[in-house]
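What follows is a short report on a single structure.
Keep in mind the model is a prediction, meaning the values are calculated, not measured. Here is how names work: the chains are called A, B, and so on, in the same order as the sequence lines, proteins then strands, and each is numbered from 1.
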Number of protein chains: 2
Amino acid sequence: MSEHPNIQEAKRPERATADTVAKLAGVSRVAVSRAFNPHASLKKEKRDLILKIAKELGYTPDMAGRALVTRRSHLVGVIVPDVCSPWESQEIDALTTALQGEGFATLLFKTRTDQSMDERLLTYMKGFNLDSIIAFAENVSPDTLTHSLGRAVPIYVSYSEDGSLPNQPGSTSVFDRLIVDQKTGIDQAVALMQAYGCRNFAYLGGTTTSLANTERERAFKCIMKERGLPDPLVLQGDYTYETALASTLDLFKVGEGVDGIFSANDVGAFGVIDALRFQLGLRVPEDVKVVGFDDIAQSGWLSYNLTTVKIDLEDRVRALVRLILRRLKDPNAPAMTETLQTRLIVRGTVGS
Amino acid sequence: MSEHPNIQEAKRPERATADTVAKLAGVSRVAVSRAFNPHASLKKEKRDLILKIAKELGYTPDMAGRALVTRRSHLVGVIVPDVCSPWESQEIDALTTALQGEGFATLLFKTRTDQSMDERLLTYMKGFNLDSIIAFAENVSPDTLTHSLGRAVPIYVSYSEDGSLPNQPGSTSVFDRLIVDQKTGIDQAVALMQAYGCRNFAYLGGTTTSLANTERERAFKCIMKERGLPDPLVLQGDYTYETALASTLDLFKVGEGVDGIFSANDVGAFGVIDALRFQLGLRVPEDVKVVGFDDIAQSGWLSYNLTTVKIDLEDRVRALVRLILRRLKDPNAPAMTETLQTRLIVRGTVGS
DNA sequence: TTGTAGGCGTTATCAG
DNA sequence: CTGATAACGCCTACAA
């Protein structure tokens, strides 16, 4: 249709490239690159011109091309067993917001809870050249990650300071850790339950392979002992509502029941409460007191109004992002650590 | 430390590249590439050898390099206002699983609900060269997406067949649609409520700018009319528990109340129920009947046990993935459409 | 401050 | 079936 038919014009509109912008601005390709890099030196008016033309053409630097040479993909991988578990989705939400603010995008990977990290998933992930990896799935050791994930730097969330990390001795891999000190919050929970007369406690666990669960159980038992309370019953769980419900029914139908239940997570506590109220005809908190862990949004809903140990999500995400950025700035820095506190949020499931 | 000090050896172990594998296998770089592409022709034993050596070296093709030439990033962008909203997180979970199975990774982007799509976010996203984009945020028109997102193909979820799409007339952009037929499910809901004696209805909306909400309200009113029922009261909402709770309190404290409430989503219905039961001293379903929309996992929890209109998540995700794959196979195919049905799940919040 | 040359890791193309 | 060569879009290094 144009006066001088041109093969290029026949093609459908391709994405504008740096060359296109350069040609229109009468500068070199490199100048365009510099215009988009704040640190590069470039005469202000030239930069402004380039940016203006780029905007008109809808040009954006291609991350793939950039990643090839800078070795920074600006991609952060997040490994989760269940995006739809409330706690995880709330964490992913906050994390994505924070990372986006720093120019990183969140890449989601799912792994099954019930088995150890799939090797195929790892090699698959490696292909994307992630800058960092946050493994919420606790069935994967940081060594495995370090070993199989190129330049990505894993961050490991652990729940005690004495290094209960599943890494082989003699490992040379450096990994950063976010330590969650759960003892404070759990102690407050036990104290409150004890004060309201609980004598027989049960601990409803999460997935047994989960480090968070293992450490939570250990801390709970330890605190029970410190307070001169008898060893708690331990109920099998997997962080789900359904299992929590079933385990609670078992506890009261087969056994003699208890008067205080501490659940490894909030969703489990919901299952406990519903089993007590709707299947066993018991009152919460009058007959049985219940405490959860996480303080997800749903715990504030009036039907549950759950007393629970809170991990501050904003703090947690900020700490994670700090770790990521510091590690990216200096890949050879020694292992870094951030510590997080927990505290009890008192609502209506412990009382008289 | 080695006998012949070598500069390369001094560096810390870099990721293995195709050349490394090629050298060790005694083949060309291209052969390595072919070994990882099932369709390429390569003698079986040669492929096996290459794959074996690649595994030993921990080599995986680099997606960035590959994307540069194939123009396929294997990245699918998902735009959401709230990852932590249960419905969205459940959808993202299912979608990630499905996409992962097809070799695509899910890239998460957050946009604020309360304002139209940020242009900065769009250019930011473009840089990642997404293969496809699913906009759950309904405040962004497909035209905007098509215009500013290079080769990515947006998929649009709409809620009526008569094209209530916010695209400018004269637009030439092709976009695929997933149509959710909500009338069937809503009609079943109204029929049930009516059968149990509801006379005065209220509709609790979601975010007013949300297409899902607009169409849900329209369908609800339309069905009310068809059944000879009076126009429903419309309550302001934004899909959140808190707002639903407050709106319900208003409704009964300022006005005369109603005996049937239809909420634009399940979480809103939870807020309604809790307001009725815990703040207003009313019984559900005896005094007021409540129906939700979505059928999230929490709706089955005994404290709510919500009667709700279900969109089958598995169906929905399968349809989305079908659209993505078909469009990727033939970028110039005419616009495609998938349709989804809804149906009522009867639980305990409508009855006598 | 600016431009030129080279290469990041991969696949498409073409020749054998 | 296989290999050499030339891109893909970008940035770093160097030279002017």
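Rounding to whole angstrom units, CG of residue A/Leu68 and C1' of D/dC8 are separated by 9 Å. The NE2 atom of B/His74 sits 10 Å away from the P atom of C/dT11 (whole-angstrom rounding). Rounded to a whole Å, the NE2 atom of B/His39 is 18 Å from the P atom of D/dT2. The distance between atom CG of B/Asn37 and atom C1' of D/dG3, rounded to the nearest whole Å, is 17 Å. Going from atom NZ of A/Lys23 over to atom P of D/dG9 covers 12 Å, rounded to whole Å. Atom pair A/Met63:CE and C/dT10:P shows a separation of 20 Å (rounding to whole Å applied). Here D/dC11 presents its P atom at 12 Å from CG of A/Asp19, a figure rounded to the nearest Å. Taking atom CG of A/Asp62 as the reference point, atom C1' of C/dC8 lies 13 Å away to the nearest angstrom.
Residue B/Phe36 is classed as having no contact, given no heavy-atom separation below 4.0 Å to the nucleic acid. Across all strands shown, B/Thr20 has no heavy atoms under 4.0 Å from either base or sugar-phosphate atoms.
The side chain to side chain donor-acceptor pair (under 3.5 Å) search around A/Lys44 returns A/Asp48, not counting sequence neighbours. Applying the side chain to side chain contact (heavy atoms under 4.5 Å, CB included) test to A/Ala18 and every residue at least two apart in sequence or in another chain returns A/Arg29, A/Val32, A/Tyr59. Every residue meeting the salt bridge (Lys or Arg N to Asp or Glu O under 4.0 Å) condition with B/Glu56, not counting sequence neighbours, appears here in chain and number order: B/Lys52. Legend: residues meeting side chain to side chain contact (heavy atoms under 4.5 Å, CB included) with B/Leu24, ordered by chain and number and at least two apart, are B/Ile53, B/Leu57.
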Practice problem: Summarise protein proximity over nucleotides 1-6 of chain C in one line of letters, 5' to 3': B for base, S for sugar-phosphate only, - for none, counting protein heavy atoms closer than 4.0 Å. | Solution: BBBB--

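No side-chain donor-acceptor contact under 3.5 Å links A/Arg326 to the backbone of A/Met336. In this structure, the side chain of B/His74 engages the main chain of B/Gly103 through a donor-acceptor pair within 3.5 Å. Looking at B/Arg47, its side chain does come within 3.5 Å of a backbone N or O of B/Ala35 through a donor-acceptor pair.
The pair A/Glu102-A/Arg322 fails the salt-bridge criterion, with no side-chain N (NZ, NE, NH1 or NH2) lying under 4.0 Å from an Asp/Glu carboxylate O.
Taking only side-chain nitrogens and oxygens, B/Thr70 never comes nearer than 4.0 Å to OP1 or OP2 of C/dT10.
When distances run from any side-chain atom of A/Ser33 to the nucleotides D/dC8, C/dT10, D/dC11, the shortest one goes to D/dC11.
Rotation axes derived from the C1' atoms of the five outermost pairs at either end of the helix from C/dT1-D/dA16 to C/dG16-D/dC1 lie 30° apart, to the nearest 10°.
Atoms CD1 and CG, from B/Ile324 and B/Asp131 in turn, are 9.5 Å apart once rounded to the nearest 0.5 Å.
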